[in-house]
Amino acid sequence: MLGVSVGTIKTKANVCYVQFPSDSGRSLAFGSADHKVYYYDLWNPKIPLSTMIGRSKTVSYVKFVDSFTLVSSSTDNTLKLWDLSMSASGVNETPLNSFAGHTNLKNFVGLSVVSDGYIATGSETNEVFVYHKAFPMPVMSYMFSNTDSTSGLDIDDASQSISSICWRGQSSTLVAANSKGNIKILEMVA
């Protein structure tokens with residue numbers, strides 16, 4: 001059975017990731033290959049409510065932190081935190097915060113958020129990085145190690161990258177997977 005389309009948003013570039021806020025189906029945001037994040041009210045999909053600019057490369061992920069804040073990830077090595085209420089003019093070129101420390105130049109490395117402000121992303125260095133929305137640098141990181149088939153010892157393998165990441169609900173548990181097929185369940189501890 002096929003459904004029916006109830007609306008269309010026309011874009012000029014490839015869309016990499018689309019996200020609804022958790023508390024509403026009336027709006028959505030998406031990241032695009034044209035280096036921008038777009039935020040739409042679905043009751044008026046002709047023009048975006050806001051366009052977040054200031055990236056130099058593709059926006060690979062967008063995730064809502066809450067109803068008025070979203071974080072975007074790009075292959076320019078940064079995450080940016082945006083306040084949607086500050087976009088009255090329709091264009092927002094000033095993020096609340098920019099996060100750097102992970103490496104993301106070519107692969108989509110995952111992005112996940114929890115409502116208490118923690119943001120997790122992967123890295124092309126086979127590491128998981130966790131940021132808090134209040135601080136521009138990582139608050140913690142975890143290096144994936146692989147088991148050497150000959151010795152049985154864990155070895156670091158920075159030639160791999162993290163490919164997927166997800167918080168378990170609103171908990172401190174994080175699951176991450178890398179390009180070698182290893183999945184780790186991580187617990188954030190202080």
Side-chain angles (χ1 to χ4, degrees), residues 13-20 22 29-37 52 54-65 69-82 95 97-190:
N14 290 342
V15 173
C16 300
Y17 197 87
V18 178
Q19 176 89 57
F20 284 109
S22 63
F30 60 87
S32 181
D34 68 359
H35 312 168
K36 298 174 186 169
V37 174
M52 278 66 58
R55 294 245 180 226
S56 61
K57 289 182 134 186
T58 296
V59 177
S60 48
Y61 294 99
V62 295
K63 295 279 186 166
F64 282 90
V65 177
T69 313
L70 67 83
V71 63
S72 63
S73 175
S74 171
T75 54
D76 66 5
N77 279 328
T78 64
L79 306 177
K80 292 189 185 281
L81 187 69
W82 303 95
N97 211 341
S98 290
F99 308 96
H102 64 286
T103 301
N104 186 202
L105 294 170
K106 61 183 178 180
N107 298 307
F108 286 13
V109 295
L111 179 67
S112 190
V113 300
V114 288
S115 62
D116 58 0
Y118 286 101
I119 303 162
T121 189
S123 179
E124 292 170 4
T125 57
N126 210 24
E127 294 173 274
V128 172
F129 285 86
V130 176
Y131 297 90
H132 188 273
K133 68 180 184 178
F135 306 108
M137 73 293 277
V139 294
M140 60 186 63
S141 65
Y142 177 84
M143 171 66 85
F144 263 52
S145 58
N146 297 317
T147 304
D148 181 56
S149 59
T150 307
S151 68
L153 299 173
D154 282 344
I155 55 170
D156 293 340
D157 187 358
S159 68
Q160 303 300 316
S161 65
I162 302 302
S163 54
S164 186
I165 195 159
C166 183
W167 290 104
R168 180 178 170 228
Q170 296 301 314
S171 73
S172 60
T173 303
L174 184 66
V175 64
N178 76 356
S179 54
K180 187 99 171 174
N182 293 315
I183 299 172
K184 304 267 185 178
I185 300 169
L186 308 170
E187 187 73 28
M188 188 170 70
V189 292

Calculate, to the nearest 0.5 Å, the distance between atoms CG and OG belonging to Leu79 and Ser60 respectively.
-> 8.5 Å
Within a radius of less than 6.0 Å around CZ of Phe64, do more than 12 heavy atoms belonging to other residues, nucleotides or ligands occur?
-> yes
Report the residues that fulfil side chain to side chain contact (heavy atoms under 4.5 Å, CB included) with Asn14, sequence neighbours left out, ordered by chain and then residue number.
-> Ala33
Would you please name every residue forming a side chain to side chain contact (heavy atoms under 4.5 Å, CB included) with Ser115, sequence neighbours left out?
-> Gln170
Check: Tyr118 and Val139 side chains under 4.5 Å, non-hydrogen atoms | yes
Output yes when a side-chain donor or acceptor of His132 lies under 3.5 Å from a complementary backbone atom of Asp116, and no otherwise.
-> yes
Minimum heavy-atom separation for Val65 to Val114, with atom names?
-> CG1-O, 4.5 Å
Who are the side-chain hydrogen bond (donor to acceptor under 3.5 Å, both in side chains) partners of Lys133, not counting sequence neighbours?
-> none
Residues in ring-ring contact (aromatic ring centres under 6.0 Å, His included) contact with Phe99, at least two apart in sequence or another chain = Tyr131
Any residue meeting side chain to side chain contact (heavy atoms under 4.5 Å, CB included) with Ser22, in chain and number order, not counting sequence neighbours = none
Which pair of non-hydrogen atoms, one from Ser179 and one from Ser163, has the smallest distance, and what is that distance?
-> N-OG, 4.0 Å
Where the side chain of Asn107 meets the backbone of Val109, is there a donor-acceptor pair that is under 3.5 Å apart?
-> no
Is the shortest heavy-atom distance from the side chain of Met188 to the side chain of Trp167 under 4.5 Å?
-> yes
Would a distance-only check, ignoring hydrogens and angles, find a side-chain to backbone donor-acceptor pair under 3.5 Å from Thr121 to Gly110?
-> yes
Scanning both residues in full, the closest heavy-atom pair of Thr125 with Glu127 reads OG1-OE1, 2.6 Å
Any donor and acceptor pair, going by atom type alone, linking the side chain of Ser123 with main-chain N or O of Thr103 inside 3.5 Å?
-> yes
Listed by chain and number, what are the side-chain hydrogen bond (donor to acceptor under 3.5 Å, both in side chains) partners of Tyr142, not counting sequence neighbours?
-> none
What pairs with Asp76 under side-chain hydrogen bond (donor to acceptor under 3.5 Å, both in side chains), at least two apart in sequence or on another chain?
-> Arg55, Ser74, Thr78
With sequence neighbours excluded, residues passing ring-ring contact (aromatic ring centres under 6.0 Å, His included) with Phe108 = Tyr61
Nearest atoms (heavy-atom pairs only) where Asn126 meets Met143 | O-SD, 3.5 Å
Lys106: side chain to side chain contact (heavy atoms under 4.5 Å, CB included) partners, not counting sequence neighbours | Glu124
Can you tell me how far the OG atom of Ser112 sits from the CG atom of Leu174, to the nearest 0.5 Å?
-> 6.5 Å
Non-hydrogen atoms of Ser98 and Pro136 that approach each other most closely | O-CB, 3.3 Å
Sequence neighbours excluded, which residues qualify as side-chain hydrogen bond (donor to acceptor under 3.5 Å, both in side chains) partners of Ser141?
-> none
Quick one: OG1 on Thr58 to CG on Asn104, what's the gap to the nearest 0.5 Å?
-> 10.0 Å
Between CG on residue Leu105 and OG on residue Ser161, distance to nearest 0.5 Å = 11.0 Å
In this structure, NZ of Lys57 is separated from NE2 of His35 (nearest 0.5 Å) by 8.5 Å
Identify the heavy atoms of Ala29 and Val62 that sit nearest to each other, and give their distance.
-> O-CG2, 3.7 Å
OG (Ser32) and OH (Tyr17) are apart, to the nearest 0.5 Å, by 15.5 Å
